Amino acid sequence: MFYIQDIAKYEDQTITLKGWVESKRTGGKVAFITLRDGTGFMECIFSLDSVGETILETAKRVTQETSLQITGKVVKNDNQEFGYEMHATGLQIYQIAAEYPISRKEHGVDFLMNNRHLWLRSRRQWAVLRVRDSLKFAIHRFFHENGFTQTDAPLLTGNACEGTTTLFETEFYEKDVAYLSQSGQLYAEAIAMALGKVYTFGPTFRAERSSTPRHLSEFWMIEPEMAFYDIEMDMELIEAFVKYIVNAVYAECKTELKVLERDNVLFENINKPFPRITYTDAVKIIQGKQDWNGRNAITTLRQQLAQVLADLEVKNAEIAETEALLTAGNVSKGQANYYQNKIDRLKGETRKLEDKSKEIPEWIEASVNFPDGEDFGSPQEKALTSLFDTPVMVYKWPRAIKAFYMKRYEDDPEFVKGVDLLAPEGFGEIVGGSERETDLQTLVDAINHHDLPMEAFEWYLDLRRFGSVPHAGFGLGFERVVMWLTGVSHIRETIPFPRYYGRLFP
RNA sequence: GCCUCCUUAGCUCAGUCGGUUAGAGCAACGGACUGUUAAUCCGUGUGUCCUAGGUUCAAGUCCUAGAGGGGGCGCCA
């Protein structure tokens, strides 16, 4: 078997590729079939001179997604997207595909999601899933190269630790109710006390009724947990880890990132040090009271707004101009179609810009008036990260807004040793980590303070009774990172068959 | 859960002030032409205007309720 991803090895040789028709263009004496084989895309050229009439007629008859095998010579051609093309000499069809619902034209998201099983074949989806794979293996490599043991937390748990509203519930035989896991962290802590440095990489379930581009009901989470680590070591690890996996994807997925038209700025800046900012300083930056490297968060958002308004004006002018051309008369049918399509497209774009022009002032408002002591929302994360071209770490958070298990600062007990890593350019949180509380009594008080059921945590408290040590860890939402690196606009594109509020099929 | 926009052909959308037989592009099919890249050009036809109720001589268009979807917020990874 030959695969397109190895094509450079076969330059000027005649080989056979098996795959599906991504697209076809035909002419009188020539046919172009773009073949996809799962590893890449290849344009195959059928010309009357080299294949003869019978094969050319067969080639003209194929439909989108027809399965076939094509034999031909691999020829270098820099005009081709991937550098090579095939001069076909033979063709064998497995099945002529029925009329395919997904064209290379635009489609709505709901339509595509209903056809997810077919949408996966599209070029962008192919690229996203390849990045997902590359990222997943890079994560495993990083941890193994750094002495971690991969481990697993249970997916079915018996205790509804943080209330049942965001938990999926299922019957556990006749007598019990089980919940699908929201986090394996507490279990990972127990395993770290047995194995030192561990990480879990498994599915997580949240029954939040949030229908946003950033949420899934079922997603994968990576949760390392390290015995004898403090918050400083935790932050070092997070930074080294994120740099490693981003570099790996950049090195391994050049073609995929090109297909995705992903801006390289992110990858080129990833090796710079990640700024570390305390929550208290971050609040001042968000409110616009403090600059960072001479840039002001609020001013930056205002500039974004001005840019949106300017774009809007340009597009409106273009619409008016095109409408004038259309009504001026003396236009051929083809030209009229072109103008009409252009107007429709521009109208769609202005609608999005208009939405944006209403949203940004709300974000500015929410940032300027942000009350010190509260947790960051989406507008605050946008304001802060718009100033950076690398991920940024925010640490030393108010105790009141963070989880019960985070360790307090000895000299400043109203703050905890937690850290969030925010991806740049408005993307927002991808990592949340902390040093864990080790003192039994402090933990008991925190559990009571958060109104959590003590009996559910007895086993967890045992970890503080039998050889308690400083330890730390973090959690990383896998699909969030795929989304960040690929630049897709919705998290549902980052997993083959996404599950989210309102979507259980296919 | 809240705010907001949307639902018209297989797909993406237009449809003005409520007015006669509901439109375009793409896809499909037929043809022309072409080293083409979402090619281009000519031709062929396709409707539960989301659902229910209401106002009206007349509703795709207005009103009420419901369903589904997009975007933003909240919640969060």
Side-chain angles (χ1 to χ4, degrees), chain A residues 22-34 41 43-47 63-64 75 77 79-81 85 87 98-115 123 162-163 165-166 182-183 185 204-223 326 332-345 347-348 351-352 354-356 358-363 365-366 375-382 403 420-421 423 428-433 474-484 489-491 494 501-503:
Chain A
E22 190 200 32
S23 63
K24 176 194 68 171
R25 289 166 293 280
T26 61
K29 294 171 184 169
V30 66
F32 303 94
I33 292 176
T34 303
F41 300 84
E43 185 163 80
C44 304
I45 295 122
F46 293 78
S47 67
T63 55
Q64 195 183 355
V75 177
N77 182 345
N79 289 330
Q80 290 292 355
E81 202 175 351
E85 62 186 26
H87 293 187
E99 190 177 333
Y100 194 62
I102 300 175
S103 72
R104 291 197 72 181
K105 304 287 177 182
E106 54 188 334
H107 293 288
V109 185
D110 196 46
F111 172 79
L112 289 169
M113 272 315 316
N114 285 333
N115 289 286
R123 207 174 271 227
E162 300 175 34
T165 50
T166 62
Q182 280 195 313
S183 162
Q185 185 205 307
T204 302
F205 306 90
R206 306 246 170 123
E208 295 157 354
R209 289 170 189 267
S210 39
S211 171
T212 84
R214 303 160 54 77
H215 289 84
L216 290 169
S217 305
E218 176 184 299
F219 64 98
W220 288 67
M221 196 149 64
I222 297 98
E223 294 182 291
L326 189 60
S332 75
K333 193 181 168 190
Q335 267 177 319
N337 288 342
Y338 174 77
Y339 290 147
Q340 193 56 56
N341 285 340
K342 190 173 172 186
I343 290 168
D344 290 348
R345 179 174 53 78
K347 276 186 185 166
R351 202 175 302 157
K352 277 179 198 152
E354 274 164 14
D355 284 349
K356 202 109 208 176
K358 286 176 201 149
E359 287 155 12
I360 297 178
E362 288 169 14
W363 299 342
E365 175 85 14
D375 204 359
F376 295 165
S378 177
Q380 290 79 35
E381 289 187 357
K382 283 189 183 95
D420 282 1
L421 185 76
E429 183 177 348
I430 48 175
V431 172
F474 62 89
L476 172 101
F478 183 60
E479 283 78 12
R480 287 264 172 98
V481 180
V482 176
M483 190 181 168
W484 174 45
S489 57
H490 204 297
I491 199 163
T494 62
Y501 185 58
R503 173 65 61 182

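In what follows, chains are A, B, ... by sequence order, proteins preceding strands, each numbered from 1. Just so it is clear, the structure is predicted and the values come from calculations on it, not from any experiment.
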Test your reading of the model: is there a side-chain donor-acceptor pair from A:Q64 to the backbone of A:P101, 3.5 Å cut-off? no
Looking at every strand, decide which applies to A:T26 at a 4.0 Å heavy-atom threshold: base, sugar-phosphate, or nothing. base
Whole angstrom is fine here: how far is it from CG in A:L112 over to P in B:G10? 17 Å
Report the distance from atom CD1 of A:I33 to atom P of B:A39, rounded to the nearest whole Å. 14 Å
Earlier contact from the 5' end, RNA chain B, for A:K24 and A:G108: A:G108
How far does the C1' atom of B:G45 sit from the matching atom of B:C29, given to the nearest Å? 10 Å
Distance between P atoms of B:U55 and B:C63 (Å, rounded): 15 Å
Taking side chain as C-beta onward, heavy atoms only, is A:S183 less than 4.5 Å from A:M221? yes
Quick one: does A:E218's side chain have a donor or acceptor within less than 3.5 Å of a partner on A:T204's backbone? no
A:E208 has a side chain; which of B:U12, B:U37, B:C75 sits nearest to it? B:C75
Flag the pair A:V30 / A:F32 as yes when at least one side-chain heavy-atom distance between them is below 4.5 Å, and no otherwise. yes
In whole Å, what is the span from the CG atom of A:N114 to the P atom of B:U12? 10 Å
Measuring only the C1' atom in each nucleotide, how far is B:U61 from B:U7? A whole number of Å is fine. 14 Å
On the side chain of A:E354, is there an atom forming a donor-acceptor pair with the base of B:U4 - under 3.5 Å, no angle test? no
A:R206 to A:F219, cation-pi by 6.0 Å centre distance and 45° axis angle: no
Think A:R25 has a side-chain N or O under 4.0 angstrom from the OP1 or OP2 of B:A39? yes
Using atom C1' of each nucleotide, how far apart are B:U56 and B:G19 to the nearest Å? 12 Å
Spacing of A:Y100 atom OH relative to B:A27 atom C1', expressed in whole Å: 14 Å
If you measure from the P atom in B:U37 to the same atom in B:G74, how many Å do you get, rounded? 45 Å
Contact class for A:L216 (heavy atom, under 4.0 Å): base, sugar-phosphate, or nothing? base
5'-most contact on RNA chain B (nearest-nucleotide basis), A:M221 vs A:E85, goes to A:E85
With rounding to whole Å, what would you report as the distance between B:A38 and B:C76 at their C1' atoms? 38 Å
With B for base contact, S for sugar-phosphate-only contact and - for none (protein heavy atoms under 4.0 Å), nucleotides 65-74 of chain B reads ----SSSSBB
Considering Watson-Crick and G-U wobble pairs with both distances under 3.5 Å, what does B:U51 pair with? B:A65
Quick one: label A:I430 by what it contacts on the DNA or RNA (base, sugar-phosphate, nothing), any heavy atom closer than 4.0 Å. sugar-phosphate
Return the value, rounded to whole Å, for the distance between atom CD of A:E381 and atom C1' of B:C75. 12 Å
Complement of B:C2, any strand, by Watson-Crick or G-U distances under 3.5 angstrom: B:G72
Strictly by Watson-Crick or wobble contacts shorter than 3.5 Å, is anything paired with B:G43, and which nucleotide is it? B:C29
Write down the partner of B:U36 under the Watson-Crick or G-U wobble criteria, each distance required to be under 3.5 Å. none
At under 4.0 Å between heavy atoms, what does A:F219 touch on the DNA or RNA strands: base, sugar-phosphate, or nothing? base
Quickly work out the A:D420 CG to B:C75 P distance and round it to whole Å. 13 Å
Quote, to the nearest angstrom, the P distance that separates B:C62 from B:G15. 12 Å
Below 4.0 angstrom, N of the basic side chain to O of the carboxylate: do A:E43 and A:R25 qualify? yes
Regarding A:Q80, tell me which of base, sugar-phosphate or nothing describes its non-hydrogen contacts under 4.0 Å with the strands shown. base
Under a 3.5 Å cutoff, is there a donor and acceptor pairing between the side chains of A:Q185 and A:E223? no
Evaluate the criterion side-chain contact (heavy atoms from CB on, under 4.5 Å) for residue pair A:F41 and A:R123; output intermediate values, then yes/no. CA-CA 9 Å; A:F41 300 84; A:R123 207 174 271 227; 3.5 Å; yes
Is the shortest heavy-atom distance from the side chain of A:E362 to the side chain of A:I360 under 4.5 Å? no
Mind checking the P distance from B:G60 to B:G71? Whole angstroms is fine. 30 Å
Once you apply the 3.5 Å cut-off to both distances, tell me the Watson-Crick or G-U wobble partner of B:G18, or none. none
Can you tell me the distance, in whole Å, between the CD atom of A:E22 and the C1' atom of B:U37? 10 Å
Using a heavy-atom cut-off of under 4.0 Å over every strand shown, decide if A:Q64 touches base, sugar-phosphate, or nothing. nothing
Look only at the side chain of A:Q380 and the backbone of A:G377, and say whether a donor-acceptor pair between them is shorter than 3.5 Å. yes
Between CD of A:Q185 and P of B:C76 the distance, given in whole Å, is 15 Å
